[in-house]
Structures are given as C-alpha cells and as structure tokens.
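Read the structure below first, then the notes.
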Amino acid sequence: MDAASGSTGAGPDANAAHSQPNALLVLKARVDQQTQIMLDAVAPFIMWRWIATAILFASYCVRVYLLQGFFIVTYALGIFLLNLLIGFLSPAIDPESEESILPTKSTDEFRPFERRLPEFKFWISTSKAITIAIFVTFFKSFDVPVFWPILLIYFIALFFATMRRQIQHMIRYRYIPFDFGKRRYRSVPNAGADTAAATKDKE
C-alpha cells in the first residue's frame with residue numbers, strides 16, 4: 001500500500017520533470033522560427049544589411065578606442081573576419097583539388113560563380129562576430145595587456161599576404177568573384193510574337 005502510494009506521489013514530479021525539457025524545446029523552436037522569419041525578411045535588402053553591420057562595427061571601434069583596451073579581442077575579430085572574407089572570395093569547389101567548374105575560355109559555357117561562403121551567411125557570421133566582440137568588452141577579464149602595435153603590424157602583414165595569395169589564385173584560374181563588368185542578358189518580351197509574325201509573312 002505504501003509502495004503504491006509512494007509511486008503515485010512521485011508521478012506528478014516525474015511528469016513535471018519530463019514536461020520541463022519539452023517546454024524548453026518548444027520555446028527554442030519558436031525562437032528559431034521567429035529568427036528565421038526575420039532573416040528571411042531582411043535577406044533581399046543587401047545594402048541596408050551591410051550598412052547596419054558597418055554601423056555595428058564602427059560602434060565596436062569607438063568603444064575600443066574609448067576603453068583603450070581589448071586589443072587581443074580586436075585582433076581575434078580581425079583574423080576571424082579575414083577568414084570569412086577569404087571564404088566569400090573563394091569558389092565553392094577549389095579548382096586545385098577538384099575538377100574546375102569555372103569557365104576558362106570565351107567559348108566555354110557560362111556558369112555563375114558559386115562562393116564557398118554565400119553572401120548571406122557571410123553577413124550573418126560577420127554580424128554575430130562583431131556582436132560577440134562588443135559583448136566581450138563588458139568583461140574586464142578579457143582585457144589582456146599587450147603591446148598593440150605588434151599585433152597591428154602582424155595583422156597588416158597577414159592581410160596583405162593572404163590577399164596576395166587569393167589574387168594570384170584568381171589570376172591563375174581566371175575567375176572574378178564579383179558581378180562588376182560582367183555581361184548581362186535581358187529577355188525580349190515580344191521576341192516570340194515577332195518570330196511568329198515573321199514566319200507568317202513568309203508564308
């Protein structure tokens with residue numbers, strides 16, 4: 001009798017323990033859904049998205065300048081953003097290791113440039129990294145004393161060396177990761193009607 005009552009008494013606690021993780025999962029799913037809806041809404045506005053990210057980055061720079069610290073955090077942020085930039089400028093399939101999908105001759109079939117890191121993911125990762133860096137500056141423990149000119153010189157040297165290698169890769173495999181100067185084709189709305197009319201006149 002006692003065992004039965006004991007098991008009955010433990011029933012509500014067990015149900016509550018099981019319902020709590022389920023409630024957290026439901027809440028997480030709702031947050032993810034709302035976040036995805038917001039991201040889908042801002043996806044077409046490329047220029048405004050990057051303007052907002054530039055303002056966010058300027059805010060971080062001003063905060064670091066006023067605090068005169070967190071140079072290690074700034075260096076780590078710069079390295080991370082540089083890696084994102086390289087992924088944005090690189091093709092999805094490296095022609096050095098796999099069969100090239102990039103046209104190398106004027107007679108080759110046109111193929112759009114596929115990035116290893118798409119623009120939207122590049123923007124999301126950049127915005128997240130800057131936001132995290134701003135959040136970290138509120139904790140004094142991350143302000144490690146360091147002689148910042150050395151970090152600056154090393155980052156500049158690393159940036160130019162990395163970009164030089166990337167440009168050489170672009171020249172070697174003849175691809176441009178931008179749309180500037182590329183030929184664009186526009187459809188003619190009445191092309192089908194004109195062709196039909198010309199055929200009828202010949203008959």
Side-chain angles (χ1 to χ4, degrees), residues 14-64 67 70 72-103 109-139 141-142 155 158-159 162-163 166 169-170 173 175-187:
N15 293 333
H18 286 295
S19 62
Q20 186 175 1
N22 293 333
L24 293 177
L25 292 176
V26 172
L27 178 62
K28 182 180 181 300
R30 289 181 179 177
V31 171
D32 293 341
Q33 183 180 11
Q34 293 299 323
T35 302
Q36 189 61 45
I37 292 175
M38 293 176 59
L39 292 177
D40 293 339
V42 301
F45 306 100
I46 300 177
M47 183 182 68
W48 293 109
R49 286 193 282 107
W50 283 105
I51 289 177
T53 302
I55 295 174
L56 189 66
F57 182 71
S59 303
Y60 172 78
C61 293
V62 171
R63 178 167 177 79
V64 170
L67 294 175
F70 297 96
I72 288 292
V73 176
T74 305
Y75 177 76
L77 176 63
I79 295 297
F80 182 76
L81 295 181
L82 180 60
N83 289 331
L84 292 179
L85 179 61
I86 295 302
F88 177 72
L89 298 177
S90 301
I93 298 179
D94 191 354
E96 291 183 351
S97 58
E98 301 183 36
E99 183 181 358
S100 177
I101 61 172
L102 301 173
E109 180 184 358
F110 172 76
R111 300 183 183 93
F113 182 79
E114 296 183 5
R115 305 180 186 277
R116 190 173 68 192
L117 181 64
E119 180 274 333
F120 191 67
K121 291 184 178 180
F122 179 36
W123 171 74
I124 291 178
S125 300
T126 300
S127 302
K128 283 183 179 179
I130 299 174
T131 303
I132 293 173
I134 294 176
F135 178 75
V136 166
T137 57
F138 288 95
F139 299 92
S141 58
F142 289 97
F155 177 77
L158 181 63
F159 175 81
T162 304
M163 293 307 299
Q166 184 66 28
H169 189 271
M170 292 164 55
Y173 293 99
Y175 67 91
I176 300 176
F178 301 105
D179 295 332
F180 306 121
K182 292 184 178 180
R183 183 181 300 176
R184 296 178 181 271
Y185 298 92
R186 293 183 299 176
S187 60

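This one's a predicted model, so the numbers in the text were calculated from it and none came from an experiment.
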In residues 30-37, what donor-acceptor pairs under 3.5 Å come from side-chain atoms, sequence neighbours left out?
residue: Asp32; atom: OD2; partner: Lys28; partner atom: NZ; Å: 3.0
residue: Thr35; atom: OG1; partner: Val31; partner atom: O; Å: 2.8
residue: Gln36; atom: NE2; partner: Asp40; partner atom: OD1; Å: 3.0

key: Ring-ring centroid check Phe135 Phe139, cutoff 6.0 Å   = yes

ask   = Quick one: are the ring centres of Phe45 and Trp50 less than 6.0 Å apart?
value =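 Centroid separation for Phe45 and Trp50: 6.0 Å or greater.
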
Spacing of [X] atom [atom1] and [Y] atom [atom2] [to the nearest 0.5 Å]:
{"X": "Leu85", "Y": "Gln166", "atom1": "CG", "atom2": "CD", "answer": "8.0 Å"}
{"X": "Asn83", "Y": "Ser125", "atom1": "CG", "atom2": "OG", "answer": "11.5 Å"}
{"X": "Leu84", "Y": "Leu117", "atom1": "CG", "atom2": "CG", "answer": "6.0 Å"}

query = Taking only residues two or more places apart in sequence or in another chain, which ones pass side-chain hydrogen bond (donor to acceptor under 3.5 Å, both in side chains) with Tyr60?
reply = Thr74

task = Can you spot which of Thr126, Ile134, Leu77, Val62 makes a side-chain contact (heavy atoms from CB on, under 4.5 Å) with Phe57?
result =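 Only match with Phe57 under side-chain contact (heavy atoms from CB on, under 4.5 Å): Leu77.
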
Can you find a pair of side-chain heavy atoms, one from [X] and one from [Y], that are under 4.5 Å apart?
{"X": "Trp123", "Y": "Val42", "answer": "yes"}
{"X": "Ile79", "Y": "Leu158", "answer": "yes"}
{"X": "Ile86", "Y": "Met163", "answer": "yes"}
{"X": "Phe159", "Y": "Leu82", "answer": "yes"}

ask   = How about Tyr75: does its OH atom have over 12 heavy atoms from other parts shown lying under 6.0 Å from it?
value = yes

key: Short side-chain to backbone donor-acceptor contact, Arg116 and Ser90, under 3.5 Å   =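 No, because the side chain of Arg116 does not come within donor-acceptor range (under 3.5 Å) of the backbone of Ser90.
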
message = Less than 3.5 Å apart, any donor N or O on the side chain of Thr53 or Ser127 sitting next to an acceptor on the other?
response =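 Per modelled atom types, Thr53 and Ser127 side chains form a pair under 3.5 Å.
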
query = Of all heavy-atom pairs between Leu67 and Thr137, which one has the smallest distance, and what is that distance?
reply =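 Shortest heavy-atom separation between Leu67 and Thr137 comes out as CD1-O, 4.1 Å.
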
request  = Please say whether the positively charged group of Arg49, taken as NZ for Lys or CZ for Arg, lies over the ring of Phe120, i.e. under 6.0 angstrom from the six-membered ring centre and within 45 degrees of the axis.
outcome  = no

